[in-house]
Q: 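Have a look at this one.
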2 protein chains.
Amino acid sequence: MIDLHSGVPRHRQLADELRTRIRAGDYPPGALLPSETRLSQEHGVGRGTVRRAVGLLRAEGLVDVASGRGTRVRMPTERQRVSVPRGSEVLARMPTAEERAELDVPDGVPVMVVSLGGRVRGVYAADRTLLTLS
Amino acid sequence: MIDLHSGVPRHRQLADELRTRIRAGDYPPGALLPSETRLSQEHGVGRGTVRRAVGLLRAEGLVDVASGRGTRVRMPTERQRVSVPRGSEVLARMPTAEERAELDVPDGVPVMVVSLGGRVRGVYAADRTLLTLS
DNA sequence: TATAATTTGTGCGTATGTATA
DNA sequence: TTATACATACGCACAAATTAT
């Protein structure tokens with residue numbers, strides 16, 4: 001329930017509640033969340049506030065939002081194992097706009113960059129990749 | 001310059017322009033961007049549109065926004081080298097709210113999770129960490 | 001110390017467009 | 001075609017944090 005006088009912003013309260021329900025299994029992977037209009041009515045907040053809340057979950061990589069279709073809990077993706085040689089260096093960051101298009105990286109998903117000897121050897125969408133250091 | 005009829009959303013056009021100027025050095029690391037009100041006036045868009053544009057750069061980990069102070073281009077952080085043993089598995093994702101508080105992870109910064117034998121050995125803020133395979 | 005100005009944060013309502021069912 | 005659902009964008013008002021006076 002949203003408390004208007006708790007000091008915690010309403011969009012954050014709503015995001016917290018949705019996140020909790022997702023984790024609890026009320027909205028399992030693949031499930032459709034209520035529409036923005038419904039959430040707006042049921043929680044007594046404006047639709048803009050709902051969109052901010054959903055935007056947070058999106059930035060966390062927790063849900064997928066599609067125009068006209070609705071918001072779904074993201075399915076756990078199959079991670080491809082990528083073997084990385086000794087001496088490699090690994091960092092992670094959010095992708096550039098170019099990388100997002102190039103690698104088809106969804107919202108809220110970082111990339112992992114593998115380098116060796118100062119040269120970049122690979123850039124991987126982090127939701128589809130598990131690096132194994134062999 | 002923002003084109004109202006290009007089909008590209010205005011907040012995205014503005015984000016692209018700001019990103020380009022940051023990369024070009026017009027706004028070097030540590031520099032303060034114009035205030036939201038100024039950007040709004042200079043580009044002829046509403047403040048909400050400016051906030052969405054800046055929000056994108058924020059989610060990319062490119063800028064730091066502080067209430068009352070303004071928006072600054074993020075300084076490149078010193079990366080601490082963390083040696084990781086053979087056989088480890090590495091993945092990256094956006095942090096949970098708890099991890100963000102715990103590890104003090106800024107906006108737009110992922111975490112790297114190192115596991116060995118199915119057990120999590122470490123969670124690192126990706127902007128301060130460079131994994132090296134030993 | 002107190003006040004004002006500046007800047008970001010939150011939230012609402014409204015309108016219109018686009019995508020999907 | 002119609003209804004539903006998300007996307008973009010504007011304006012307004014007020015709150016909170018910070019800085020300047």
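Treat the numbers as computed from the prediction; the structure is a model and nothing was measured. Just so you know, these numbers use all the heavy atoms, side chains as well, and skip hydrogens, waters and symmetry mates.
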Q: Both distances below 3.5 Å, Watson-Crick or wobble geometry, any strand: find the nucleotide opposite dT1(D).
A: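 dT1(D) is paired with nothing.
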Q: Assigning hydrophobic clusters by single linkage (Ile, Leu, Val, Met, Phe, Trp, Tyr; side-chain heavy-atom cutoff under 4.5 Å), is Val65(A) placed with Leu57(A)?
A: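 Same cluster: Val65(A) reaches Leu57(A) through Ile, Leu, Val, Met, Phe, Trp or Tyr contacts under 4.5 Å.
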Q: Please report, rounded to the nearest Å, how far the P atom of dC12(C) is from the NE2 atom of His43(A).
A: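 Interatomic distance, NE2 of His43(A) to P of dC12(C): 13 Å.
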Q: Examine dT6(C): is either OP1 or OP2 under 4.0 Å from a nitrogen or oxygen in the side chain of Arg69(B)? Give yes or no.
A: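 False: Arg69(B) side-chain N/O out of range (4.0 Å or more) of dT6(C) OP1/OP2.
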Q: Which pair of non-hydrogen atoms, one from Pro95(A) and one from Arg100(A), has the smallest distance, and what is that distance?
A: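 Heavy atoms of Pro95(A) and Arg100(A) come nearest at CG-CG, 3.3 Å.
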Q: Would you mind reading off the distance between Arg51(B) atom CZ and dC12(D) atom C1', rounded to a whole angstrom?
A: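 That distance rounds to 15 Å.
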Q: Does either side chain, that of Thr96(A) or that of Glu60(B), offer a donor lying less than 3.5 Å from an acceptor on the other one?
A: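 Note: Thr96(A) and Glu60(B) side chains miss the donor-acceptor criterion.
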Q: Considering only side-chain heavy atoms of Pro9(A), which listed nucleotide, dT8(D), dA5(D), dT10(C), is closest?
A: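 Selected nucleotide: dT10(C).
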Q: If I take atom CZ in residue Arg38(A) and atom C1' in nucleotide dA5(D), what distance separates them, rounded to the nearest angstrom?
A: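 To the nearest whole Å, that distance equals 13 Å.
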Q: Distance check needed: dT18(D) C1' versus Asp64(B) CG, whole Å only.
A: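 One finds 16 Å between C1' of dT18(D) and CG of Asp64(B), rounded.
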Q: Taking any heavy-atom pair under 4.0 Å as a contact, classify Gly46(B): base, sugar-phosphate, or nothing.
A: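 Sugar-phosphate, backbone atoms only, no base.
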Q: Rounded to the Å, how far apart are Leu4(A) CG and dT10(C) C1'?
A: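 In whole Å, dT10(C) C1' and Leu4(A) CG are 12 Å from each other.
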Q: Choosing from dA16(D), dA9(D), dA5(D), which nucleotide comes nearest the side chain of Ser67(B)?
A: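 Nearest nucleotide to the side chain: dA16(D).
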Q: Between Pro106(A) and Asp127(A), what is the shortest heavy-atom contact and its length?
A: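 Minimum heavy-atom contact is CG-OD2, 3.8 Å.
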Q: Contact class for Arg10(A) vs. all strands (heavy atom < 4.0 Å): base, sugar-phosphate, or nothing?
A: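 Touches sugar-phosphate only.
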Q: Looking only at side-chain atoms of Arg52(B), point me to the closest of dA5(D), dA7(D), dT8(D).
A: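 Taking heavy atoms from C-beta onward, the closest nucleotide is dT8(D).
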Q: Please figure out whether Gly68(A) or Val50(A) has its closest DNA chain C nucleotide nearer the 5' end.
A: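 Final value for this comparison: Val50(A).
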Q: Whole angstroms only, please: what is the CD1-C1' distance between Ile2(A) and dC12(C)?
A: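 In whole Å, dC12(C) C1' lies 14 Å from Ile2(A) CD1.
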Q: Taking only Lys NZ, Arg NE, NH1 and NH2, and the carboxylate oxygens of Asp or Glu, determine whether Arg19(B) and Glu98(A) approach each other closer than 4.0 Å.
A: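 Looking at Arg19(B) and Glu98(A), the cut-off is not met.
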Q: Is Arg51(B) paired with Glu36(B) through a side-chain N to carboxylate O contact shorter than 4.0 Å?
A: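 Here Glu36(B) pairs with Arg51(B) in a salt bridge, since their nearest N and O are under 4.0 Å apart.
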Q: Scan Gly70(A) against the nucleic acid and name what it touches under 4.0 Å (heavy atoms): base, sugar-phosphate only, or nothing.
A: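 Since only primed, P, OP1 and OP2 atoms lie under 4.0 Å of Gly70(A), the category is sugar-phosphate.
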Q: Is it true that atom CZ of Arg128(B) has more than 12 heavy atoms of other residues, nucleotides or ligands lying nearer than 6.0 Å?
A: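 Atom CZ in Arg128(B) is crowded, with more than 12 foreign heavy atoms closer than 6.0 Å.
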Q: Please report the distance, rounded to the nearest Å, between CG in Leu39(B) and C1' in dC10(D).
A: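 My rounded result for the distance is 17 Å.
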Q: Using only side-chain N and O atoms of Arg58(B), determine if any of them is under 4.0 Å from OP1 or OP2 of dG9(C).
A: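 It does, given that an N or O in the side chain of Arg58(B) lies less than 4.0 Å from OP1 or OP2 of dG9(C).
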Q: Over how many whole Å does the gap from His5(B) atom NE2 to dT8(D) atom C1' extend?
A: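 Rounded to the whole Å, the gap is 14 Å.
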Q: If you take atom types as modelled and just measure distance, does the side chain of Arg47(A) reach the base of dA7(D) with a donor-acceptor pair under 3.5 Å?
A: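 When only heavy-atom distances are counted, Arg47(A) does reach the base of dA7(D) through a donor-acceptor pair under 3.5 Å.
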Q: Just to be sure I understand the geometry, which residues of residues 11-22 of chain A put a non-hydrogen atom under 4.0 Å away from DNA chain C?
A: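 Listed by number, they are His11(A).
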Q: Check whether more than 12 heavy atoms from other residues, nucleotides or ligands sit under 6.0 Å from atom CD of Glu42(A), and answer yes or no.
A: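 Check passes, neighbour count above 12.
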